[in-house]
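Notes to accompany the following structure.
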Amino acid sequence: MSFTVEGSHVQETEDLISSSFASHGTSVEKDATTGKYTVKPYTREFIFQTEKKIPKVGVMLVGLGGNNGSSFAGMIIANKLKIKWNTKQKEMQANFIGSLTQATSIRLGKCGDEEVYIPFKEILPMVEPTDLVVSGWDINSMPLGDAMRRAQVFDYDLQQQLYPHMQKIVPLPSVFDPSYVAANQGDRANNVLALPKKEDQVNKLRQDMREFKEKNGLEKVIVLWTANTERFSVEQDGVHDTAKNLMEAIRRNESEISPSTLFAIACILEGNPFINGSPQNALVPGVVELAQIHKTFITGADFKTGQTKIKSVLTDFLVSSGLKPRSIVSYNHLGNNDGKNLSAAQVFESKERSKKHVVDDIFDGNPALYEPGEQPDHCIVIKYVPYVQDSKRAMDEYISEICMGGVNTIVLHNTCEDTLLAIPVMLDLVVLTELLTRIHMGEKTNGGEPEMHNFHPLIGCILGFLLKAPQFPKGVPTVNSLFKQRLCLENLFRACRGMNTRTCMGLNKMFNAIILGEQEAQTLTE
Ligand SMILES: NC(=O)c1ccc[n+]([C@@H]2O[C@H](COP(=O)([O-])OP(=O)(O)OC[C@H]3O[C@@H](n4cnc5c(N)ncnc54)[C@H](O)[C@@H]3O)[C@@H](O)[C@H]2O)c1
Ligand SMILES: O=P([O-])([O-])O[C@@H]1[C@@H](O)[C@H](O)[C@@H](O)[C@H](O)[C@@H]1O
């Protein structure tokens, strides 16, 4: 670890970092007669304990043979082998650009006149990406070397160097329900578990995880869904509403239970965190309850990568500047298999939800501009155009009302290899989910010793920076503003290290500037 934190509030041993943290907040009371608000500042005292030992971690991808899955495996191998490759422009070297943990930094503070920053991944002990063991399932049996070639994501020279290493990885047969995806996905399904009963499917997935863990001498396994987007399951009382009903529904082979929900259940029963990288409602209420019973992390939904990430920043900028977006249209076309699957209306609706609702809280948070429930026109369009393959084209138009009847129109064009935006986000979800399993917290109340416990299983409220539709525990308001989400993550880890949390900008820096300004002014004479 590149730094230590001084103070009696933090103790570090070989195995543990313990810190106490004062969290300042405000509650508001409304006078029923006058309607006036009273703001009541308060402080809560928390204890954090972080286990420092980094376990040997395995990642099992559902959809291993897809563009994201095969490219994720390729990225890990290429970085492990420090592969360099030639393109028509220059020699490239394997990297993790686009990863929050591997390619960004955190400000430590000021050392004399120097602003000191550390790599994000040094704030707390995190697993090294190149130590991850990768496996997984796919309904298509293609070995990963051929799957990489099919994906057409990596440069040719890189593919050639990776091929022998990737070809050794073969996806395990998976659970498949054609009613949940586009009909055009049927021709991929040559690697499906021949187990008609859902209970047997769940048990086989659990066995796969145990065998993977044992064979590779792993201490932890994390499962990440990067398979096709599914249509939403129609949630039914008596089936999806409680853990007991869901498990009984599986035993009677209820049809309306999606493969992604079955994977989530198998993970929970094995104590393996489950991450849903697609937009469907895999984590139905019964799954959430089961995760709470088994104290296993579950999170989702839908990696936040390009067009939607920009939307959460741009909309936040407009509304927090007092400008009033009245129309947002997000169009994109892409030619990979994801785009092919999304060409089915029911599947598209899953993606439309996650891409659209990513800004709801931003409008709700500005009653000066928007009446309760008022939202701009918001339209999502996704088209499948095979020729562009993974090079997704995104076009956006934002029309906002400005001062005195003015209108501002912002148009964006954004082209990218969709997969190369997604795989570093997948890495962060795995690395941070594993880290969060090693952090326990408790609250000091009435002077007694705090009871230490894990975080709530729905860690989407911590990992929202990486997800379009982070699922929050009931009653916790969703925050989608991208930089609030990043600050939330950074401040949690700063608290675990016993460091002060940061506001959006260094308040003390600003105070210094104001005070220094005053002091300088006093020395000046006309
Ligand atoms: N930028 C991005 O690429 C991005 C961003 C956000 C979300 N996503 C989501 O990530 C997922 C994967 O994207 P992709 O581009 O890799 O798609 P892809 O179609 O290339 O890969 C999906 C893979 O899942 C496999 N599959 C389908 N059903 C399965 C099942 N039941 N079990 C196991 N495997 C199954 C398919 O055979 C395919 O190989 C999609 O749901 C997509 O919406 C992608
Ligand atoms: O770039 P982004 O909006 O975050 O997310 C992407 C969408 O723009 C694209 O349409 C979809 O096919 C991808 O799966 C991904 O969801």
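Counting convention: from 1, in listed order, for ligands and their atoms alike. All values below come from the heavy atoms of this structure, side chains included, with hydrogens, waters and symmetry mates left out. For the single chain, residues carry numbers from 1 onward in sequence order.
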Close aromatic pair by centroid cut-off 6.0 Å: W137 and F263: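 Ring-ring flag for W137/F263: true, centres closer than 6.0 Å.
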Check: Y331 ring centroid to H333 ring centroid under 6.0 Å: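 Close enough - the centres of the two rings lie under 6.0 Å apart.
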Ionic contact status for [Y] with [X], cut-off 4.0 Å:
{"X": "R210", "Y": "E270", "answer": "yes"}
{"X": "D200", "Y": "K204", "answer": "no"}
{"X": "E211", "Y": "R206", "answer": "no"}

Neighbour count >12 (heavy atoms, 6.0 Å) for atom CD, E214: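 12 or below, so no.
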Greater than 12 external heavy atoms within 6.0 Å of R149's CZ: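 Yes.
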side-chain contact (heavy atoms from CB on, under 4.5 Å) assessment of L158 paired with I83: CA-CA 8 Å; L158 173 58; I83 290 179; 3.8 Å; yes
Shell of residues surrounding ligand 1, defined by a 4.0 angstrom heavy-atom cut-off that is strict: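 Around ligand 1, where the cutoff is 4.0 Å for heavy atoms, the contacting residues are V62, G63, G65, G66, N67, N68, W137, D138, I139, S174, V175, R188, W225, T226, A227, N228, T229, G277, S278, D302, F303, T305, N337, D338, K351, D418, A422, K468.
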Stepwise side-chain contact (heavy atoms from CB on, under 4.5 Å) check, L466 with R486: CA-CA 9 Å; L466 303 163; R486 190 189 194 283; over 6 Å; no
Under 4.0 Å from ligand 2 - residues by heavy atom, chain and number: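 For ligand 2, the contacting residues are T305, G306, Q307, T308, N332, L334, D338, L342, K351, K355, I382, K392, D418, K468.
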